[in-house]
Structures are given as C-alpha cells and as structure tokens.
Amino acid sequence: MENMDTLMGKYGEEGDRLIFKILNSGNYLEKFSLSKKEIDEITKEKSLANEWFLFDHKVDFTKHLSEISEKALRYDLTVPFARYVVQHQNEITFPFKRYQIQPVWRADRPQKGRYREFYQCDADIIGSDALLNEVELVKLIDDVFTKISMPITIKINNRKILGGIAEIAGQPEKITDITVAIDKLDKIGQEKVIEEMQSKGISDEAIQAIKPLLHFKGDFQEKISLLSNLFESSEIGKKGIKEIEYVFETLKHLANIQSEVDFDITLARGLNYYTGAIIEVKAKNVQIGSICGGGRYDDLTGIFGLKNVSGVGISFGIDRIYDAMNELGLFEKANLLSESTLVLFTNFGKNETNYCLPTVFKLREKGVNSEIYPDIAKLKKQMKYANDKNIPYVVIAGEDEMKEQAFILKKMDTGEQKSLSETELINLFTTV
RNA sequence: GUAGCCGUAGCUCAGCUGGUUAGAGCACUAGAUUGUGGUUCUAGGGGUCGUGGGUUCAAGUCCCAUCGGUUACCCCA
C-alpha cells in the first residue's frame with residue numbers, strides 16, 4: 001500500500017484512473033464538503049428538498065478524491081521502488097541493483113491475460129546512466145526466456161527518438177499523443193493512425209513530417225539512416241539514435257543473444273516516466289499482451305526529492321508468462337508436472353496406520369516423497385487415488401503383513417507386487 | 001469509462017417458433033470384484049433453470065430490472 005500522492009501523476013492520465021484507491025478509514029466523509037459552486041449547480045437543477053440531496057443527485061466524487069482517499073494499492077513496483085530509494089538514499093550504495101517479486105493492482109476490467117491483481121518481477125539498476133545497464137537487462141530477459149524455452153521478440157525503442165519525432169513535427173508538447181497513435185500502427189493501420197493524430201489536434205504539417213515513418217520497412221541500419229536524415233535539426237533525436245546504436249551494437253557483437261531483438265520505432269509505452277530506452281517483450285505464437293516491459297527513467301527519484309539519479313528497469317509479468325507457458329505446453333515439455341508423491345501407504349485402520357507411520361517418516365527423512373492415505377477407506381478407493389495422482393508405488397500392509405513384519409510393495413504401472421521388510425523397502429528407494 | 005455475449009446438476013454443455021415428470025457427457029456413490037487402480041458393464045444420488053418482477057391458460061424459453069461471469073475497445077504485465 002502506498003500514499004495516494006506517491007502514485008498519482010506518475011503513470012499518465014489512464015494510469016491515474018486505473019490506480020486502486022482506498023477509502024479513508026473511519027468516518028471518511030467527515031472532511032468532505034461540496035464547494036459553493038457545486039452546491040449552486042445542484043440546487044439550480046433541483047431544489048434542496050431534503051438533506052439527502054447528496055445521494056439523490058449524483059456527485060462526482062472523483063473531484064473530491066483527496067478528501068476521501070489518501071491511500072492506494074501499488075500500481076507497479078518501479079514507482080514505489082523510486083520512493084524507497086529516495087527514503088533510504090543514505091544507506092544505499094549506488095549503483096544499486098535489486099529485484100523484487102510482489103503483487104500489483106490495476107482497477108481495470110479483468111479479461112483474458114489481464115488481471116486486477118497480478119505479480120510482477122522487477123529488476124532495476126539505479127544510480128547509473130550507463131547504457132551498459134540497458135544491455136545487461138536485455139541479456140537478462142534473453143536468459144530468462146531462453147531458460148524456459150519460450151520464443152520471444154524483444155522490442156526496443158528510445159523515448160528520445162520519439163521526442164525527436166515530435167520535435168521535427170514541430171509539436172514537442174504533443175509527444176504523448178503522437179507516440180500513442182504511432183504505437184497502434186500495426187493494430188489499426190496507417191489511415192487510422194493519421195485520423196487519430198488529427199483528432200488529437202496534431203497539425204497537418206506535423207503529420208506530413210511523421211508520415212515517412214509510418215510506412216517504413218527496413219532493417220536496423222536502414223531505420224537508423226532514415227532517422228538520421230530526419231533528425232538533422234533535432235538534438236534530442238540524434239542523442240536517441242546514438243543510444244540505440246550503442247545498445248544494438250553491443251547486444252549484437254558481445255552478448256550472444258538467442259531471442260529476436262527488434263528496433264521498433266512505433267513502440268511507445270504509455271507510462272510517463274520513461275525518458276530513454278523503452279523495452280517490451282512479446283511471446284511468439286501466443287496471443288497475449290506484453291509479458292515484460294521496461295525502460296529508463298531519469299527523473300523518477302527527482303519527484304521524491306533526489307535529483308540526478310537515473311535508473312533503468314524491467315518488469316516481468318509473472319501471470320502472463322505462466323499463461324503463455326501453459327498455452328505453449330512448456331510445463332509438460334519441461335517435465336514440470338511429474339508426480340509429487342513416490343509412495344502411497346494405504347490405510348486399513350488404526351493399528352495398521354500405527355504400523356506404517358514410522359516407516360513413512362523414515363522414508364521422508366531420506367528424502368523420499370511418501371504419504372499415507374489419511375482416511376480409513378476401501379482399498380479400491382485408495383488405489384484409485386494413487387492412480388489418479390500418478391503415484392508410481394503403493395505400499396499395502398494389513399494384519400497378515402503386520403504379523404510377518406512385512407510390507408507389500410506394488411508397482412502401479414506393471415501391477416507386480418512383492419513382500420519386503422522395512423529395511424528392504426527403505427533400501428529400495430534410497431539406493432537408486 | 002464504452003460496447004457485445006453468456007448465467008440450466010459438482011464440471012462442460014444441450015433444451016427448436018413458450019406446451020406433460022428439464023436432459024447428456026464427465027465427476028461422484030454402490031455393485032459385478034467380502035484386501036488391489038487404469039478398461040468395461042449395471043444401478044443410484046444430485047437441479048430455488050443467477051435473482052426479482054412482468055406478459056400468458058401455460059415461461060428454462062418472451063419482456064424489463066438487477067447481480068455475477070466473460071470478450072472487445074481503451075490501456076497495459
């Protein structure tokens with residue numbers, strides 16, 4: 001949980017709306033009052049017939065947020081991390097690296113691949129503006145997805161390039177609108193992108209300047225040279241090109257990257273706080289949103305009172321990665337669904353349980369996953385349980401076996417069974 | 001915030017232009033197999049048809065409201 005003002009204004013307009021707000025505790029309407037203007041407006045339409053007019057008339061509480069809510073659930077891990085770094089700046093040695101796995105919340109309508117509560121795993125390096133950190137994080141992404149054998153595309157862009165585009169378009173203040181529109185290119189097509197820009201009040205001259213980018217296809221070098229021509233008069237654009245060139249060259253020649261890495265001019269990302277590299281990862285052959293995202297933020301700690309500390313970080317969307325792995329059948333392929341229990345001891349009654357229990361615990365001490373059926377049930381039911389749970393061995397011990405100080409071990413796949421002493425049984429499982 | 005689709009057995013669903021006692025598969029229980037699973041066969045239990053109202057001689061079916069789920073837009077992990 002965070003203070004509301006820690007979170008508000010960091011993620012953009014849409015982000016602010018999606019922050020889970022928490023009502024104040026206790027009599028939370030105590031401090032609440034309508035402004036004179038609001039009362040005038042309401043009473044104009046409706047006479048103040050009774051004291052419940054507040055409830056009769058829809059009041060826009062979103063305009064009174066600060067009066068009724070001062071806490072909110074964390075929207076991501078990056079902003080709270082920046083707050084943490086500022087609070088503990090004297091105890092932290094920079095450059096500071098950390099990872100963190102925790103749930104975050106979005107007040108959104110849940111749907112496929114989109115959750116109200118989900119886990120993120122963040123990895124950040126803060127207190128260094130070296131581009132080497134960008135390279136390290138891309139390498140980290142590549143390592144992770146290579147390890148779980150998930151084919152991905154790592155898309156990389158740079159906010160400075162987007163800034164350059166806005167600059168040469170002559171409307172730097174419209175950078176967000178321009179980039180959000182460009183971001184939709186592969187979804188809605190060139191025509192609609194231009195329409196959207198027009199509707200956001202972007203001038204026709206600006207659109208003409210941007211247009212060459214919209215239907216541009218080419219490899220990395222071709223993209224770079226196109227942008228270089230475009231950015232002759234844009235310092236920020238040039239800087240963006242230099243940055244992305246370094247990152248790509250280093251990745252290409254020194255990092256041994258397995259995944260596809262793509263310089264995507266249309267990649268924008270809605271979060272406001274990014275200032276340099278932006279990264280997004282898409283799973284191949286799975287229809288799900290991005291499964292990992294991140295970028296560089298130069299001013300995030302500045303907002304909380306610690307200037308000139310640049311950071312770069314990425315965030316894995318754990319739940320989506322799990323969904324994608326499921327859909328691709330990666331758990332089966334990696335044999336991650338193998339049986340959890342190796343031996344099941346059947347339960348015939350109290351005496352038999354007392355007879356078996358020490359052996360179960362001895363096996364467990366030796367690291368053999370064993371369990372005893374908790375209820376006195378028909379053998380048929382217990383066998384079915386073992387079968388349904390893919391337990392490969394079942395131990396049966398009733399009165400007869402107790403007399404002989406023996407256990408019957410049944411191998412489920414072949415059905416064969418033999419009588420063993422406790423020592424023989426334990427040895428069988430521990431000397432493999 | 002906007003729009004579409006769906007709510008019937010524990011689960012997945014069928015149920016036609018309203019018309020007897022609301023069905024199937026899976027799961028569950030029992031038996032064939034009194035201490036032996038996977039296959040098979042037989043029998044059985046289990047339903048306020050999301051909720052509330054309306055139309056009708058008659059509503060799971062039509063209408064309205066409401067709640068829940070889901071999908072898309074937006075945005076993102």
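The chains referred to below are lettered A, B, ... by the order of the sequence lines, with proteins before strands, and numbering in each begins at 1.
Comparing B/rC49 with B/rU40, their P atoms sit 34 Å apart, to the nearest whole Å. Comparing the same atom, C1', in B/rC5 and in B/rC75 gives a spacing of 22 Å after rounding to whole Å. Across the P atoms, B/rC41 and B/rA9 are found 26 Å apart, a figure rounded to whole Å.
Not a single donor-acceptor contact under 3.5 angstrom links the side-chain atoms of A/Q382 to the base of B/rU36.
A straight line from CD1 of A/I408 to C1' of B/rU36 spans 10 Å, rounded to a whole angstrom. In this structure, A/R109 atom CZ and B/rU2 atom P are separated by 7 Å, rounded to whole Å.
Position along RNA chain B of the nearest nucleotide to A/D108 versus A/D400 favours A/D400 as the more 5'-ward residue. Where A/K282 and A/Q111 each meet RNA chain B at their nearest nucleotide, the meeting point lying more 5' is that of A/Q111.
Listed pair A/K184 / B/rC75 meets the phosphate criterion, a side-chain N or O lying under 4.0 Å from OP1 or OP2. In this structure, A/K410 does not reach the B/rG35 phosphate: none of its side-chain N or O atoms is under 4.0 Å from OP1 or OP2. Contact annotation: A/K378 does not reach the phosphate of B/rU36 (side-chain N/O to OP1 or OP2, under 4.0 Å).
Comparing B/rA72, B/rA30, B/rU36 by their nearest atom to the side chain of A/L379 picks out B/rU36. Here B/rA72 is the nucleotide among B/rC73, B/rG35, B/rA72 with the atom lying nearest to any side-chain atom of A/K112. Closest to the side chain of A/R17, out of B/rG37, B/rC73, B/rG1, is B/rG1.
Counting non-hydrogen atoms under 4.0 angstrom, A/G15 reaches nothing in the nucleic acid. Base engagement by A/I396 is indicated by at least one non-hydrogen atom pair under 4.0 Å involving a base atom. Within 4.0 Å of A/E14, counting heavy atoms only, lies at least one base atom of the nucleic acid. Within the nucleic acid shown, A/E416 has no heavy atom closer than 4.0 Å to any nucleic acid atom.
A side-chain hydrogen bond (donor to acceptor under 3.5 Å, both in side chains) with A/T275 is found for exactly one of A/D299, A/N158, A/D298, namely A/D298.
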